[in-house]
A.B. asks: 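My questions all concern the structure below.
Counting from 1, the numbers follow the sequence of the chain as shown. Note that this is a predicted model, so its numbers are computed, not measured.
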Amino acid sequence: MFNAEITFLTWIAQYCKCRNKSEVFLWAIEKYFHETPYQANLAYCRSAYSLLHCVTSRNFSSKVIITLLQKEMEHLPPYLAKERREVSLEAALALDDAEDEGDDRSRRRSIIEYLLRHTDSLCINFDKIVAPPVWLHHLLASSLKTRRSITLQIGSFGGYTFDEVSLPLTVLQNLPEINVLSSLSIMALETRFPERICPAVTDLLKSCTSLRKLELTGYIGTTTIEIPVLTNLREVTLQYVSFCPQSLHSILRTVEKITLFSCYIPP
């Protein structure tokens, strides 16, 4: 019975083509969470990570997605509902910006706004063929004061200049005023960091007194970082990064756990 109901929800999300498919799916959500036992809800949470992307890409209304997430908050254990919201936010931020027009823009923005209000972490893959919209810059900048954990994965920018796709800088340059951020992870996926990223990280380390954990994965032979003398870091992981002896001295003075992999310290 449980498998049939899960299949029913998935079938509506993937194959329903009727004009009122959003209303149909809202009915299915209400039915599922009203009738499905607690144990089945746990299995639903573990199996439904692709559901948000499915209903978003097939133009279901934002009300459908927000209702689904609200039901999860009501019926799932807090840690599972939190995990689902974080995964959903990452999926919403990863949608194709080329289709971000008219109703699609309004729908996507309302979803992201809702998720930002109900999460305290942020994970973004900056690997876009087109530049992210201006409204997303403003929306993320205004939400950063509540982020406790941030992960930035920076890849190829598809031929655009960095000024046109400066969303990573928007995030980093608005972080110094935060006093709740405790963990920051930055990773270069396929190419070197744009040259303004590492100085922005250094400025952040000087200003963000709440930061305790830093993970920085550069691109082989192209990433150089300066670690300030005084930081509140307790855990540092650096991979494929070059840094001066003074930076190593800064790390050794305060950091309790240090992981270095393929790093280079010039003589």
Side-chain angles (χ1 to χ4, degrees), residues 1-125 128 130 132-140 142-143 146-147:
M1 179 176 178
F2 160 68
N3 288 335
E5 288 193 313
I6 281 291
T7 302
F8 179 54
L9 272 180
T10 305
W11 185 91
I12 293 176
Q14 293 181 348
Y15 302 112
C16 182
K17 297 181 180 179
C18 58
R19 293 182 178 179
N20 65 333
K21 62 182 180 182
S22 291
E23 288 75 13
V24 172
F25 199 74
L26 284 170
W27 167 82
I29 293 172
E30 293 290 343
K31 179 179 184 298
Y32 175 79
F33 282 99
H34 178 71
E35 297 182 359
T36 306
Y38 174 78
Q39 293 80 3
N41 278 335
L42 296 182
Y44 158 81
C45 187
R46 291 190 292 268
S47 65
Y49 287 131
S50 62
L51 191 57
L52 175 82
H53 180 76
C54 182
V55 295
T56 303
S57 62
R58 298 202 63 247
N59 294 321
F60 283 85
S61 68
S62 57
K63 183 179 179 180
V64 166
I65 299 167
I66 291 174
T67 299
L68 178 62
L69 293 168
Q70 287 174 336
K71 289 296 181 182
E72 290 177 354
M73 290 175 64
E74 295 172 5
H75 293 273
L76 296 177
Y79 75 96
L80 287 178
K82 180 178 185 293
E83 183 179 340
R84 278 284 292 134
R85 294 193 300 274
E86 292 171 351
V87 171
S88 298
L89 177 58
E90 183 178 355
L93 291 169
L95 293 176
D96 189 357
D97 295 308
E99 300 178 359
D100 190 53
E101 297 179 354
D103 293 341
D104 286 339
R105 175 187 303 174
S106 176
R107 181 167 56 91
R108 182 188 178 200
R109 180 166 183 163
S110 64
I111 294 167
I112 293 175
E113 286 178 338
Y114 174 83
L115 289 167
L116 287 173
R117 289 196 302 269
H118 293 88
T119 56
D120 59 9
S121 66
L122 183 66
C123 179
I124 315 177
N125 185 335
K128 298 292 187 178
V130 296
V134 174
W135 66 261
L136 188 54
H137 284 248
H138 296 318
L139 188 58
L140 289 181
S142 65
S143 72
T146 60
R147 303 302 104 182

A.B. asks: Rounded to the nearest 0.5 Å, how far does OG of Ser142 lie from NE2 of His137?
C.D. replies: 13.0 Å
A.B. asks: Kindly give the heavy-atom pair with the smallest separation between Ala92 and Leu115, and that separation in Å.
C.D. replies: CB-CD1, 4.4 Å
A.B. asks: Indicate yes or no: at least one non-hydrogen side-chain atom of Glu86 is less than 4.5 angstrom from one of Asp120.
C.D. replies: yes
A.B. asks: Determine whether Leu26 and Val64 make a side-chain contact, defined as any pair of heavy atoms from C-beta on separated by less than 4.5 Å.
C.D. replies: yes
A.B. asks: So do Met73 and Leu69 actually touch side chain to side chain, heavy atoms under 4.5 Å?
C.D. replies: no
A.B. asks: Quick one: are Thr146 and Leu116 in side-chain contact, heavy atoms under 4.5 Å?
C.D. replies: no
A.B. asks: Return the CD1 to CG distance between Ile111 and Leu93, rounded to the nearest 0.5 Å.
C.D. replies: 11.0 Å
A.B. asks: Side chain of Arg85, backbone of His118: donor and acceptor closer than 3.5 Å?
C.D. replies: yes
A.B. asks: Restricting to non-hydrogen atoms, name the atom on Cys18 and the atom on Val24 that form the minimum distance, rounded to 0.1 Å.
C.D. replies: SG-CG2, 4.0 Å
A.B. asks: Would you say the side chain of Leu136 lies within less than 4.5 Å of the side chain of Leu140, judging by non-hydrogen atoms?
C.D. replies: yes
A.B. asks: Just verifying a value: how many Å separate Ser143 OG and Leu122 CG, rounded to the nearest 0.5 Å?
C.D. replies: 6.5 Å
A.B. asks: Can you tell me if Thr119 and Arg147 form a side-chain donor-acceptor pair at under 3.5 Å?
C.D. replies: yes
A.B. asks: Between Arg108 and Ser62 (side chain of the first, backbone of the second, donor and acceptor by atom type, cut-off under 3.5 Å), is there such a pair?
C.D. replies: no
A.B. asks: Using 0.5 Å steps for rounding, measure from the CG atom of Leu68 to the OG atom of Ser88.
C.D. replies: 7.5 Å
